[in-house]
Amino acid sequence: MAFPYMEAVVGFMILMYIFETYLDLRQHAALKLPTLPKTLEGVISQEKFEKSRAYSLDKSHFHFVHEFVTILMDSAILFFGLLPWFWKKSGEFVVLVGLNAENEILHTLAFLAGVMIWSQITDLPFSLFSTFVIEARHGFNKQTVLLFFRDLFKGICLSIILGPPIVSAIIIIVQKGGPYLAIYLWAFMFVLSIVMMTVYPILIAPLFNKFTTLPEGDLRQKIEKLASSLKFPLKKLFVVDGSTRSSHSNAYMYGFFKNKRIVLYDTLIQQCKNDEEIVAVIAHELGHWKLNHTMYSFIAVQILTFLQFGGYTLVRNSGDLFRSFGFDTQPVLIGLIIFQHTVIPLQHLVSFALNLVSRSFEFQADAFAKKLGYASALRAGLVKLQEENLSAMNTDPWYSAYHYSHPPLVERLEALDKSDKKAD
C-alpha cells in the first residue's frame, strides 16, 4: 500500500494552522494589555500606545480571518484534487487555442496563467480591505484606488514578461539535467538572483516609486562621512517617495562590491526631525555590512537552495508521490509544487532557525552603531520608528520568537541598556 503523502501533507498543514493560531491568540492577548511594558514607560506616549494598540488589534482580527480562509482553500485544493483537475483543464485550453498540449512548457505556462488569475481574484478582497480600510483607518494609506490598480497591473505585466522565460529554463534544465540536476538548478537560480538583485533597483523599482538623489545638506554630509569612515563604497544616496503609498517609514541599502547605494524613505526624513536619528539608523544598517551579515545570509540562502534542489532530485521520479496527489504524469512544475508541500515541516524549522540568527544579527548591528557613538540617537530613532509605524508595543515571547526576524523594541532597548551597564 502506497504511503498517503497528500493526506499527510494536508494533516500537517492543519496542525501547523492550529499551532500558529495558538501563537496568534497569545499575541492577541498581549496586544490587548492596557499598559506599556516597563521598559517603554515614559518613552512612548500614552496617545501613541493607544493608537498602536488599536492598529495592532485591527490587524490581528484581520489576520485571523485571512488565515482561516487560506487554510480552508489550500486544504480543499489538495484534498479534493483540484490541482490535477486544473492541470488537466489547462492542457485542454492549450489544445483549444490550437497549440500542442504535449509541449510541457506551453502546458505549464497555461497552468500558471490560470493560477495567477485565481490568486488575483482570491487575494484582491483582502488586499483592498487591508489597504483601504485598516491602513486608511489608522492614517497610513496614501494611495488612491487608481494607483493601487495601476501597481497591480504593472505587477501582472512583469510576471507575464519575466515568468515564461524563467519557467521555461527550469523545465529544460530538469528535463536535460541528468545526475547533475541539483547543481544546474542551483547555478541557474544563483545567476538569476544576482541578475534580479542588479536589475530590480535599477529597472523594476522605479516603475513603482520615484527615486531622487538626496539633496546637499547636513544629513547627506553626515551619512557620507559615516560611510567614508567605515570604508563603505557608497556611490549613490537616494530618497524614495514612499509617502505616495503609505506613511510607514524605512531605509535600506543594496548593491554589489564597490557599487553600494543607500535609500531613505521620504517618510523617515519627515518623521525624524533630528538628523542624528537617521544617521544612527544608517549606522545600524552599515553594521550589517561591516559585520558581513549580508554575505552570511546570502550564503545561507544559497546552501538551503542547493539542499532543496538536491531533495527534489531524489523524489521527482517517485510515481507514488505524484499519484498520491492525483497525477498520472510527472510534470516538472507539479513536482516542484508537491516537493515544497512535502518539506513544509523542515521549512518551518529552517525558518525558525533563520529568525534566531537574524535577531542575533540585529542585536550585533545595534551594538555596532553604539560603538560608533550613536547609542542615544539610535534609541531615539528606534523609538521614533516604533511610534510612527504604530508597531506593537506588547509582544508575546513565544509569538515573537517564532515569527519575528527582528527583536521587539523592548528587547533592543534592554540590550542597549545592558551594554551601557557593562561599560559602567
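Heavy atoms only: backbone and side chains are in, while hydrogens, waters and symmetry mates are out.
Closest heavy-atom contact between Ser243 and Lys142: O-CB, 3.1 Å. The shortest non-hydrogen separation linking Phe190 to Gln302 is CD1-OE1, 3.4 Å. For the residue pair Asn394 and Thr35, the shortest heavy atom distance occurs at ND2-O, 3.0 Å. Scanning both residues, Lys370 and Ala375, for their nearest heavy atoms gives CG-CB, 3.6 Å. The minimum heavy-atom distance linking Lys290 with Leu230 is given by the pair NZ-O, 3.2 Å. In this structure, Pro201 and Met197 approach most closely via the heavy-atom pair CD-O, 3.1 Å.
Between the side chains of Glu388 and His248, not a single donor N or O lies within less than 3.5 Å of an accepting N or O. Between the side chains of Glu20 and Tyr402, at least one donor N or O lies within less than 3.5 Å of an accepting N or O. No side-chain N or O of Gln221 forms a donor-acceptor pair with one of Glu216 less than 3.5 Å apart. Side-chain contact check for His107 and Ser90: at least one donor-acceptor pair (N or O, by modelled atom type) lies under 3.5 Å.
In this structure the side chain of Trp87 reaches within 4.5 angstrom of the side chain of Ile334, judged on heavy atoms. Looking at Ile282 and Ile262, their side chains come closer than 4.5 Å, going by heavy atoms from C-beta outward. Side-chain atoms of Trp85 and Phe80, non-hydrogen and from C-beta on, never get closer than 4.5 Å to each other. Contact check for Tyr200 versus Tyr254: no side-chain heavy atoms found under the 4.5 Å cut-off. Under the 4.5 Å side-chain criterion, counting only non-hydrogen atoms from C-beta, Ile156 is in contact with Met116. Side-chain atoms of Thr212 and Val240, non-hydrogen and from C-beta on, never get closer than 4.5 Å to each other. Side-chain atoms of Leu234 and Glu224, non-hydrogen and from C-beta on, do get closer than 4.5 Å to each other. With a 4.5 Å cut-off on side-chain heavy atoms, Tyr312 and Leu185 count as touching.
Within the model, atoms CZ of Phe153 and CZ of Phe148 stand 15.0 Å from one another, a figure rounded to the nearest 0.5 Å. How far CZ of Arg220 is from CG of Asp275: 13.5 Å, rounded to the nearest 0.5 Å. Here the CG atom belonging to Leu82 is positioned 11.5 Å from the CZ atom belonging to Phe79, to the nearest 0.5 angstrom.
The closest donor-acceptor contact from the side chain of Gln330 to the backbone of Gly335 lies at 3.5 Å or more, if one exists at all. Judged by distance alone, the side chain of His284 and the main-chain N or O of Ala280 form no donor-acceptor pair under 3.5 Å. At distances below 3.5 Å, not a single donor-acceptor pair connects side-chain atoms of Ser246 with backbone N or O atoms of Gly242. A donor-acceptor pair under 3.5 Å is absent between the side-chain atoms of Ser60 and the main chain of Ser56, judged by distance alone. Although no hydrogens or angles enter the test, the distance criterion places no donor-acceptor pair under 3.5 Å between the side chain of Ser52 and the main chain of Lys48. Proximity of a side-chain donor or acceptor of Arg245 to a complementary backbone N or O of Phe208 within less than 3.5 Å is detected. Using a distance-only test at 3.5 Å, with no hydrogens or angles considered, no donor-acceptor pair links the side chain of Glu277 to the main chain of Leu382. Looking at Thr108, its side chain never comes within 3.5 Å of a backbone N or O of Val332 through a donor-acceptor pair. Ser324 places a side-chain N or O within donor-acceptor distance of the main-chain N or O of Met6, the cut-off being under 3.5 Å. Listed for the Gln27 side chain is a donor-acceptor partner under 3.5 Å among the backbone atoms of Asp396.
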### Query
Where do Thr131 and Asn141 land on the side chain to side chain donor-acceptor pair (under 3.5 Å) test, with the steps shown first?
CA-CA 6 Å; Thr131 302; Asn141 180 52; 5.5 Å; no
### Query
Under the side chain to side chain contact (heavy atoms under 4.5 Å, CB included) criterion, do Thr294 and Ser297 qualify, and how do the steps go?
CA-CA 5 Å; Thr294 305; Ser297 298; 5.9 Å; no
### Message
Between His403 and Asn355, does the side chain to side chain donor-acceptor pair (under 3.5 Å) criterion hold? Intermediate values first, please.
### Response
CA-CA 7 Å; His403 284 290; Asn355 276 348; over 6 Å; no
### Message
For Leu333 and Ile171: C-alpha separation, side-chain torsions, deciding distance, then whether side chain to side chain contact (heavy atoms under 4.5 Å, CB included) applies.
### Response
CA-CA 7 Å; Leu333 177 70; Ile171 291 174; 5.6 Å; no
### Task
Could you walk me through whether Glu41 and Lys38 pass the salt bridge (charged side-chain N to carboxylate O under 4.0 Å, His left out) test, one step at a time?
CA-CA 5 Å; Glu41 289 178 356; Lys38 287 186 177 181; over 6 Å; no
### Task
List the steps, then state whether side chain to side chain contact (heavy atoms under 4.5 Å, CB included) holds for Leu385 with Leu268.
CA-CA 8 Å; Leu385 288 172; Leu268 178 66; 3.5 Å; yes
#### Entry: Criterion side chain to side chain contact (heavy atoms under 4.5 Å, CB included) on Phe211 and Val263, from CA distance to verdict
CA-CA 8 Å; Phe211 293 79; Val263 178; 3.9 Å; yes
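Salt-bridge check for Lys222 with Glu276: passed, with a basic side-chain N closer than 4.0 Å to an acidic carboxylate O. Between Lys89 and Glu92 there is a salt bridge, with a side-chain nitrogen of the basic residue lying less than 4.0 Å from a carboxylate oxygen of the acidic one. One finds no salt bridge joining Glu362 and Arg359 here, because no Lys/Arg side-chain nitrogen approaches an Asp/Glu carboxylate oxygen to under 4.0 Å. The residues Lys418 and Glu414 are annotated as not salt-bridged, no charged nitrogen and carboxylate oxygen being separated by less than 4.0 angstrom. Here Lys210 does not pair with Asp241 in a salt bridge; the nearest charged N to carboxylate O distance is not below 4.0 Å.
Around CZ of Phe64, the count of heavy atoms belonging to other residues, nucleotides or ligands within 6.0 Å exceeds 12. No more than 12 heavy-atom neighbours from other residues, nucleotides or ligands sit within 6.0 angstrom of NZ on Lys236. Other residues, nucleotides and ligands contribute more than 12 heavy atoms inside 6.0 Å of the CZ atom of Phe126. Dense packing is recorded around CZ of Phe298, with more than 12 heavy atoms of other residues, nucleotides or ligands lying under 6.0 Å away.
Here the options are Thr39, Asp417, Asp366, the test is side-chain hydrogen bond (donor to acceptor under 3.5 Å, both in side chains), and the partner is Arg412; only Asp366 passes.
Taking the six-membered ring for Trp, Phe325 and Phe327 have ring centres at least 6.0 Å apart. Aromatic ring centres of His28 and His61: separated by under 6.0 Å. A distance below 6.0 Å separates the ring centres of Tyr404 and Tyr399.
The salt bridge (charged side-chain N to carboxylate O under 4.0 Å, His left out) analysis of residues 125-139, with sequence neighbours excluded, yields the pairs Asp58-Arg137.
Remark: Val115 engages Phe86, Phe111, Ser119 in a side chain to side chain contact (heavy atoms under 4.5 Å, CB included) (not counting sequence neighbours).
Ring geometry for His293 against Tyr296 counts as tilted: the plane angle lies between 30° and 60°, on a 0 to 90° scale. Phe129 and Phe62 have parallel rings, their planes meeting at less than 30° on a 0 to 90° scale where 60° marks the start of perpendicular.
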